[in-house]
Structure formats: C-alpha cells, structure tokens
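Below is one structure; the comments refer to it alone.
Starting from 1, each residue takes its place in the sequence as its number.
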Amino acid sequence: MENKKANTLIHSSEPRYGEGHIFLWWENYCRRLLYADILYVEGSGSYSEFHAIDGSRVTISYRLGVMERSLPDDTFIRVHQSFILNWHYIDTFVGNSVKIGDRWFPIGRAYRSRLLQVLHFPELPRQNSKQEL
C-alpha cells in the first residue's frame, strides 16, 4: 500500500478488518476471508489457523485471544481454549460437544453458558429426585 502524501510504503503484517471480512497476511500476500466463509479458528500456542468452508486453511502468528477480541461476536463464539467457532455453522449440540460438518468440538466449562445463550437455549429446569404427583 502506498501513502501518496508521504511517498512511503506502509507494510503491516497485522490482520486488517472491514465490513464482513478480514484480511490476513499469509505466505507473502494478503488474503481476504469473508466472515461467512470461516467455519472455525483453531489456536495452537502463538498461532491461529482459520478453516474456511472451501477446505482451505490460513495460519497466522497471532494468539487465539487476540483473534477472539478481533472477530465479531454476532458471528463467532469461543467454545474452548483452542477453538472459536462461527456459530451459524453449528449443526449439532450433544452433552459437552458441538459439531460443524463432520468435525466435533469440545465445549469448555467456562464457555458453556455463553454458548447456550447464543444458541438460544432456555435454562433447563432442574429435575427433582422425587416426582410430584
């Protein structure tokens, strides 16, 4: 990108955000991913790997916590210390797991109540050990 006023080149390896998409620096070029095309983000140490609906993956050197604060919460939700999911693609919820496509993701204890709110589950009533007649 060129700044015409100062005639200098501006280089940045940080993700750039816009309306409905994110630009990620990957293998010497910048790739645009639409939020709607991101299935999930997997964190591993200092890296985050974006998994897209077309099967492609983009790995960047940002921790998952940075990506969590950067992605919109009307589309993405953290469900585990290692996963942020596009909740629009969650198709199955069982016990402490959710499924997108044919991949299962664990739900961390700290993230469960927020996930239930986002998926519009009402609080389930507690069952008594004795049934009332």
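Contact record, D73 with W87: O-NE1, 4.2 Å, taken as the closest heavy-atom pair. Minimum interatomic distance between R112 and I107 (heavy atoms only, all atoms of both residues): CA-CG2, 3.8 Å. The shortest non-hydrogen separation linking R31 to S56 is NH2-OG, 3.0 Å. Heavy-atom minimum distance, L64 versus E42: CD1-C, 4.3 Å. Of all heavy-atom pairs between I22 and M67, the closest is CD1-CE, 4.1 Å.
Looking at heavy atoms from C-beta onward, W104 lies in side-chain contact with V94 at the 4.5 angstrom threshold. Looking at P72 and Y35, their side chains come closer than 4.5 Å, going by heavy atoms from C-beta outward. Put simply, the side chain of F50 reaches to within 4.5 Å of the side chain of L24, judged on heavy atoms. At a threshold of 4.5 Å between non-hydrogen side-chain atoms, the residues I77 and Y111 do not count as touching. Contact of the L85 side chain with the V98 side chain is registered, since non-hydrogen atoms from C-beta on lie closer than 4.5 Å. Here the side chains of T75 and I38 are not in contact, with every heavy-atom distance at 4.5 Å or above.
To the nearest 0.5 Å, atom NE2 of residue H51 and atom CZ of residue R57 are 6.0 Å apart. Atom OG of residue S97 and atom CD1 of residue I90 lie 11.5 Å apart, to the nearest 0.5 angstrom. Rounding to the nearest 0.5 angstrom, the gap separating the CZ atom in R109 from the CG atom in N96 is 9.0 Å. From L115, atom CG reaches atom CZ of R78 across 13.5 Å, with rounding to the nearest 0.5 Å. Considering CZ of F76 and OH of Y89, their distance stands at 9.0 Å, rounded to 0.5 Å. Atoms OG and CG, from S48 and L71 in turn, are 9.0 Å apart once rounded to the nearest 0.5 Å.
Using cut-offs of 30° and 60° for the angle between ring planes, the H80 and F83 rings count as tilted.
Within a 6.0 Å radius of CZ in R63, no more than 12 heavy atoms belonging to other residues, nucleotides or ligands are found. In this structure, Y47 places its OH atom where only 12 or fewer heavy-atom neighbours from other residues, nucleotides or ligands lie under 6.0 Å away.
Screening L34, L33, D37 for a side chain to side chain contact (heavy atoms under 4.5 Å, CB included) with H21, the sole residue that qualifies is L34.
Under 3.5 Å, the side chains of R103 and Y40 contain a donor-acceptor pair of N or O atoms.
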